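Fair warning: this is a prediction, and the values are worked out from it, not measured in the lab. All residue numbers in this chain count up from 1 along the given sequence.
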Amino acid sequence: MKRPASTTKHLFVTGGVVSSLGKGITAASLALLLKRRGYRVRIQKLDPYLNVDPGTMSPYQHGEVYVTEDGAETDLDLGHYERFAEIECSQASNFTTGRIYSTVIARERRGEYLGETVQVIPHVTDEIKAAIRTLDDPEADIAITEIGGTVGDIESLPFLEAIRQFRNEIGADNALCLHLTLVPYIRAAGEMKTKPSQQSVGILREIGIIPDLLVCRCERPMDEEHFRKLALFCNVRRELVFAEEDVKHTIYEVPLELARQDLDKYVLELFGFHVSDLRLDDWQRMVERLIKPGAGKVEIAVVGKYIKLRDAYKSIYEALIHGGAAHDAEVVLRPVEAEELEADRKAAARRFAGCSGILVPGGFGDRGIEGKIAAVQYAREHKLPFLGICLGMQCAVIEFARHVCGLPEANSREFAGRTPDPVISLMANQEQVEDKGGTMRLGAYPCRLLAQSRAAAAYGALEVRERHRHRYEFNNQYREAMSRHGLRFSGLSPDGELVEIVELPEHPWFVACQFHPEFKSGPLRPHPLFRDFVGAAIENSTSKGEK
């Protein structure tokens with residue numbers, strides 16, 4: 001396919017009426033479709049909050065922190081980008097107001113503004129435009145930039161002003177604005193209302209941005225009169241108004257629904273690009289497996305500290321779904337509050353009844369830790385397939401030290417600074433600093449696997465790279481003793497100093513890793529550990545005669 005000689009084209013995704021409409025899924029779906037048309041796509045998110053990154057934010061405030069290969073702590077929407085479109089994100093994929101202002105203030109302190117009065121316009125908006133330009137690349141045909149928040153928010157104004165300026169600078173032919181909005185259904189009146197969307201677009205127009213495409217979230221199908229009304233009052237061509245109705249089964253249906261309406265085709269035509277064939281056969285088959293799995297259901301418990309907010313474990317839940325798809329099975333998730341197990345040790349038998357596997361994910365702080373340890377003990381003693389991730393691995397080590405190695409006070413320095421048996425401790429030569437991100441092991445690191453181990457069997461390789469986000473590590477002073485009692489250290493750093501994976505060879509399937517495999521899982525490429533964990537859970541379910 002002949003590629004255009006023009007520079008990278010830019011598409012901006014904004015949202016209106018309410019938050020949580022799904023801008024990230026929409027942007028990721030469009031990126032997938034454009035890639036499947038043969039174009040090279042890059043993608044980023046600009047977030048209006050003042051935190052430099054979400055690394056120090058509570059999962060209840062922000063959901064999970066997604067980690068990129070190069071160690072950026074980012075918004076969870078980047079997980080959608082990587083899972084849907086298989087676009088590897090980086091430090092350039094997520095900029096916040098805090099990061100932008102930090103750069104501006106640092107430049108002012110260094111005297112780089114030559115005595116000017118530093119203002120939102122032009123200095124802050126110039127820095128935002130510089131962030132957008134990080135996506136410009138001779139190897140990128142289209143760059144998608146999602147603007148977080150909702151049009152009308154005070155926090156979003158500098159970003160919207162920046163994209164208005166940016167479009168003027170590169171020319172209208174090189175930039176598009178896609179506005180995602182809500183068309184609510186008023187149940188009492190039995191009507192869908194377009195007025196909120198009209199007002200949302202009105203706010204954009206006051207700023208100087210006229211959207212080129214309008215995507216309307218709705219819980220019921222829109223009638224033709226709704227499309228025509230929105231086109232008329234929002235100054236958007238009728239064929240460029242699209243419906244994004246709530247999908248019935250899985251979010252992976254969204255790209256298929258947008259493709260059915262030719263959203264990507266219209267984007268390419270507006271950019272003046274050739275529209276080649278769209279190849280989605282593998283995606284269609286994957287969605288069909290998710291909707292009608294041929295191998296039945298398997299129930300897996302996820303024992304966490306932030307269970308009340310589903311987005312706190314977004315990548316975990318998605319990776320389990322991917323693992324189920326690999327076996328043509330539906331994974332039924334059973335969220336379990338760690339504190340519930342902590343308060344009542346007898347609760348484990350009740351909460352895990354009927355489950356075929358237990359997963360203990362990551363987290364920070366001592367709340368709920370004893371409940372997570374109780375979950376590990378239950379999985380080990382009852383021979384339930386178990387997967388521990390990050391803090392989940394550390395809890396598995398503590399549980400093994402206490403109940404198998406005879407070290408009843410074993411703990412982590414993070415939770416019990418004076419424990420006589422700190423089986424988990426700070427990394428060597430690490431000092432506590434005020435910058436909470438400064439002491440973390442972040443991003444992808446190599447890991448060498450032990451031949452004949454479950455980990456090596458899952459990966460089909462003896463060296464892998466996985467993403468980390470933690471401060472504490474396994475204490476090597478206890479490696480020999482735990483090995484004598486049956487704990488296998490099946491994954492180590494290349495120098496052999498850092499423990500990355502532990503296993504119990506005598507258990508049906510018990511694997512725990514210090515890294516976060518969920519960040520490298522996708523619906524078309526399930527992560528090997530999740531795939532094999534779900535497979536072991538299915539085998540466990542089958543052996544018990546469950547359907």
Side-chain angles (χ1 to χ4, degrees), residues 67 69 298 300 315-316 319-320 322-327 329 331 356-362 376 379-380 383-397 399-400 404 424 441 443-470 473-474 476 478-522 524-540 543:
V67 179
E69 284 285 295
V298 62
I300 291 175
S315 291
I316 292 282
L320 286 170
H322 306 158
H327 298 281
V331 174
S356 298
I358 296 175
L359 186 151
V360 176
V376 176
R380 181 179 59 81
K383 304 298 183 182
L384 277 179
F386 172 80
L387 177 60
I389 294 174
C390 197
L391 180 59
M393 187 203 90
Q394 296 176 3
C395 289
V397 167
E399 191 280 327
F400 190 83
V404 178
I424 304 295
R441 185 148 71 108
Y445 287 82
C447 171
R448 289 183 179 170
L449 306 178
L450 181 68
Q452 309 304 317
S453 65
R454 283 200 176 88
Y459 282 102
L462 292 180
E463 184 161 331
V464 296
R465 287 180 63 85
E466 292 286 359
R467 302 179 193 180
H468 292 249
R469 182 177 181 251
H470 60 96
E473 302 276 359
F474 179 86
N476 285 324
Y478 294 87
R479 193 187 294 188
E480 183 181 348
M482 290 195 179
S483 183
R484 284 200 312 269
H485 284 86
L487 189 66
R488 180 161 62 190
F489 299 91
S490 59
L492 301 173
S493 59
D495 62 6
E497 290 299 311
L498 300 175
V499 173
E500 300 280 25
I501 307 175
V502 298
E503 302 178 3
L504 289 178
E506 303 305 318
H507 190 282
W509 205 92
F510 189 108
V511 177
C513 54
Q514 184 60 77
F515 47 80
H516 288 269
E518 69 272 23
F519 294 148
K520 299 186 78 167
S521 184
L524 297 179
R525 44 174 180 81
H527 191 281
L529 293 183
F530 278 89
R531 181 199 63 216
D532 282 17
F533 168 58
V534 173
I538 293 171
E539 186 175 342
N540 175 273
S543 68

A.B. asks: Counting C-beta onward and ignoring hydrogens, is there a side-chain heavy-atom pair between Arg380 and Val404 closer than 4.5 Å?
C.D. replies: yes
A.B. asks: To the nearest 0.5 Å, tell me how far Tyr445 OH sits from Arg465 CZ.
C.D. replies: 9.5 Å
A.B. asks: Can you tell me how far the CZ atom of Phe400 sits from the NE2 atom of His485, to the nearest 0.5 Å?
C.D. replies: 7.0 Å
A.B. asks: Regarding His468 and Glu473, is there a side-chain donor-to-acceptor distance under 3.5 Å anywhere?
C.D. replies: no
A.B. asks: Rounded to the nearest 0.5 Å, how far apart are CZ of Arg467 and OG of Ser315?
C.D. replies: 9.5 Å
A.B. asks: Show, in sequence, the C-alpha distance, side-chain angles and deciding distance for Asn476 and Phe489, and conclude whether the side chain to side chain contact (heavy atoms under 4.5 Å, CB included) test is met.
C.D. replies: CA-CA 11 Å; Asn476 285 324; Phe489 299 91; over 6 Å; no
A.B. asks: Kindly give the heavy-atom pair with the smallest separation between Ile358 and Ala379, and that separation in Å.
C.D. replies: CD1-CB, 3.9 Å
A.B. asks: Mind checking whether Glu463 and Pro446 have side chains closer than 4.5 Å, heavy atoms only?
C.D. replies: yes
A.B. asks: For residues Leu492 and Leu498, determine if any side-chain heavy atom of one lies less than 4.5 Å from a side-chain heavy atom of the other.
C.D. replies: no
A.B. asks: Stepwise, does the side chain to side chain contact (heavy atoms under 4.5 Å, CB included) test hold for Val511 with Trp509?
C.D. replies: CA-CA 6 Å; Val511 177; Trp509 205 92; 3.7 Å; yes
A.B. asks: Quick check for you: to the nearest 0.5 Å, what is the distance between Glu506 atom CD and Arg488 atom CZ?
C.D. replies: 8.5 Å
A.B. asks: Can you find a pair of side-chain heavy atoms, one from His527 and one from Tyr459, that are under 4.5 Å apart?
C.D. replies: yes
A.B. asks: Is any side-chain heavy atom of Arg531 less than 4.5 Å from a side-chain heavy atom of His327?
C.D. replies: yes
A.B. asks: Looking only at heavy atoms, which two atoms of Phe386 and Ala396 are closest? And how far apart?
C.D. replies: CE2-CB, 4.1 Å
A.B. asks: Can any side-chain N or O of Glu503 pair as donor or acceptor with the backbone N or O of Ala455 at less than 3.5 Å?
C.D. replies: yes
A.B. asks: Under a 4.5 Å cut-off applied to non-hydrogen side-chain atoms, are Cys447 and Glu466 in contact?
C.D. replies: no
A.B. asks: Within the structure provided, determine whether Gln394 and Gln514 are in side-chain contact (heavy-atom separation under 4.5 Å).
C.D. replies: yes
A.B. asks: Ignoring hydrogens, what is the shortest heavy-atom contact between Met393 and Val502? Give both atom names and the distance.
C.D. replies: CG-CG2, 4.0 Å
A.B. asks: Salt bridge or not between Arg441 and Glu500? Use side-chain N to carboxylate O under 4.0 Å.
C.D. replies: yes
A.B. asks: Could you state the interatomic distance from NZ (Lys383) to CZ (Phe510), rounded to the nearest 0.5 Å?
C.D. replies: 10.0 Å
A.B. asks: Any idea which heavy atoms bring Ile389 and Ile316 closest together, and the distance?
C.D. replies: CD1-CD1, 3.5 Å
A.B. asks: Test side chain to side chain contact (heavy atoms under 4.5 Å, CB included) on Arg454 and Asp532; report intermediate values, then the result.
C.D. replies: CA-CA 9 Å; Arg454 283 200 176 88; Asp532 282 17; over 6 Å; no
A.B. asks: Quick one: does any side-chain atom of His507 pair with a main-chain N or O of Leu384 as donor and acceptor, under 3.5 Å?
C.D. replies: yes
A.B. asks: In Å, rounded to the nearest 0.5 Å, how long is the span from CG of Leu359 to CD1 of Ile300?
C.D. replies: 7.5 Å
A.B. asks: Indicate yes or no for a side-chain donor-acceptor contact from His470 to the backbone of Gly362 under 3.5 Å, with no hydrogens or angles considered.
C.D. replies: no
A.B. asks: To check you understand the geometry: which heavy-atom pair defines the closest contact between Leu449 and Gly491, and what is its length?
C.D. replies: CD2-CA, 4.2 Å
A.B. asks: How close do Leu529 and Ala458 get, counting heavy atoms only, and between which atoms?
C.D. replies: CD2-CB, 4.1 Å
A.B. asks: Are His516 and Val67 close enough, and set up right, to give a side chain to side chain contact (heavy atoms under 4.5 Å, CB included), and what steps lead you there?
C.D. replies: CA-CA 9 Å; His516 288 269; Val67 179; 5.9 Å; no
